[in-house]
Amino acid sequence: MEGMILLSPPHIGMAEMDYIHEAFADNWVAPAGPNLEAFEHRLAEVSGRKSALALSSGTAALHLALRVLDTVPGDRVYVSDLTFVASLQPILYEHAVPVLIDAEPVSWNMSPLALERQLVLDAQAGNLPKAIVVVHLYGQSADMAAILQLANRYGVPVIEDAAESLGATYQNRPSGSHGLLSAFSFNGNKIITTSGGGALVSDRNDLIDRARILATQGRDQADHYQHSQIAYNYRMSNVLAGIGRGQLDLLPDRVAARQGVFRRYRDGLADIPGIGFQSDPENSIGSRWLTVIDLNPDLIDLHPYQFMRSLRAQGIETRPAWKPMHMQPLCQGMRFVPHTGSDAVAPGLFLRSLCLPSGSAMSTAAQDRIIDAVRLIAQEG
Ligand SMILES: *Cc1c(COP(=O)(O)O)cnc(C)c1O
């Protein structure tokens, strides 16, 4: 790994250590504490929500979102097909049934066309889903106006998987402030990190209060230890929340840095025919968590893996885009709803795309090296 330019390494600042020291000095090393409260308070502000609950991972946040909506075995839950598997796993934890909704070609996120077709069918059958889990892929918001309009028409709650989109905006409001509940991730590779962590946010204080109880072993209101429901140990520790406080102060810088990385790639590769990017739809500014290039096979005669291997040999880490859920062994037999009746979009995006190093601490010299390498491979291929 020495000397490798990594895809999205953690980027830690100076203030985090001060908050961690505070936790030690005050002996608030164990679970709850002032860092946790301050982190949750600030995160609610930043994400445009009334309340926030800090957790051990983004996956835990998505799981609790399904639990507070009373998801039970056999319930159907719609979920974006083109995503990281963590969007889907919690549906399986509850023995609910995922229905995989294809992407659309503009934002690469959940297709409102596919969503509508499936909602019409399921409404006719009296079999509407318990929830819709919408991912904001690589930090680019889904077409939430269209999705929320459909969801509201059929009375289905929307959970936003905003793990990659903290700091993005959609219609002048923070990403993660549009659905009923939203999940963020602070894993080491995300926009900001607590080395591992996540959060659930909502304007519905009652849902966050319930999630808080479920995240701490589901203790009933009593002086003794009394429990009447299945629950978890999902809370973030006060020490890690200290890292989160420091990181949250830096969020605008981190997002600006990633957006700058995107612009330099876009400008540096603009004259290579066949290299495209995820677009910023109107009124939507993506976090550009990762910059992903889309290689048009009619103009570039190389598979993304040929780029990936050649770049790796030059010390540059890249990755294919997320493999669609309906192509995963885990998802065999699940229902997949394509963008149009005949055309699926997600498989094409997967087969044509490559994620480039996008860390907020990457130097312009390192990025110039990547741009030169990509140009050379494209021109030689
Ligand atoms: C990272 C990620 C998650 C899960 O977050 P963890 O904190 O790693 O559990 C969920 N969904 C998406 C789209 C992600 O990228």
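Atoms within each ligand, like the ligands themselves, are counted from 1 in listed order. Note that the coordinates shown come from a computational prediction; the quantities given were computed from them, not determined experimentally.
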_Looking only at protein heavy atoms, which one is nearest to atom 9 (O) of ligand 1, and what is the separation?_
Thr59 OG1, 2.5 Å
*asked:* Would the distance check show the side chain of Asn109 and the main-chain N or O of Asp143 forming a donor-acceptor pair, the cut-off being under 3.5 Å?
replied: no
*May I ask you to check if Arg245 and Phe39 form a cation-pi contact, with NZ or CZ under 6.0 angstrom from the six-membered ring centre and within 45° of the axis?*
no
_Nearest 0.5 angstrom please: Tyr78 OH to Asp122 CG, how far?_
3.5 Å
*Under 3.5 Å, is there a donor-acceptor pair between the side chain of Arg173 and the main chain of Ser47?*
no
_Quick check on contacts: which atoms of ligand 1 are under 4.0 angstrom from a heavy atom of Val135?_
13 (C)
*Taking every non-hydrogen atom, the tightest pair across Phe184 and Gly176*: CZ-CA, 4.2 Å
*So, is Trp322 polar-close to ligand 1, with some N/O to N/O distance under 3.5 Å?*
no
*Do Arg219's NZ or CZ and the ring of Tyr225 fall within the cation-pi criteria of under 6.0 Å and 45°?*
yes
*Considering only non-hydrogen protein atoms, determine which one is nearest to atom 14 (C) of ligand 1 and report residue, atom name and distance to 0.1 Å.*
Lys190 NZ, 3.3 Å
*Under a 4.0 Å heavy-atom limit, does Asn189 contact ligand 1 with its side chain, its backbone, both, or neither?*
neither
*Measuring from the heavy atoms of Gly197, does anything fall under 4.0 Å of ligand 1?*
yes
*For atom CD of Gln332, decide whether the heavy atoms of other residues, nucleotides or ligands shown that lie under 6.0 angstrom number more than 12.*
no
_Numbered atoms and elements of ligand 1 in range of Ala163, under 4.0 angstrom, heavy atoms_ = 2 (C), 3 (C), 10 (C), 11 (N), 12 (C), 14 (C)
*In terms of residue, atom name and distance, what is the protein heavy atom nearest to atom 15 (O) of ligand 1?*
Glu164 OE2, 2.5 Å
*Mark up the atoms of ligand 1 that fall under 4.0 Å of a heavy atom belonging to Thr83, in ascending order.*
13 (C)
_Below 4.0 Å, non-hydrogen atoms only: which portion of Ser57 touches ligand 1? Side chain, backbone, both or neither._
both
*Numbering as shown, the atoms of ligand 1 that approach Ser185 to under 4.0 Å (heavy-atom distance)*: 1 (C), 5 (O), 6 (P), 7 (O), 8 (O)
*May I ask you to list the atoms of ligand 1 that are less than 4.0 angstrom from any heavy atom of Ala86?*
3 (C), 4 (C), 10 (C)
*Check whether more than 12 heavy atoms from other residues, nucleotides or ligands sit under 6.0 Å from atom CD of Glu37, and answer yes or no.*
no
*How far is atom 11 (N) of ligand 1 from its nearest protein heavy atom, and which residue and atom is that?*
Asp161 OD2, 2.7 Å
*Would you check the N or O atoms of Gly58, main chain and side chain alike, for any that come under 3.5 Å of an N or O of ligand 1?*
yes
*Could you please spell out the steps behind the side chain to side chain donor-acceptor pair (under 3.5 Å) verdict for His63 and Tyr234?*
CA-CA 10 Å; His63 187 197; Tyr234 273 171; 2.8 Å; yes
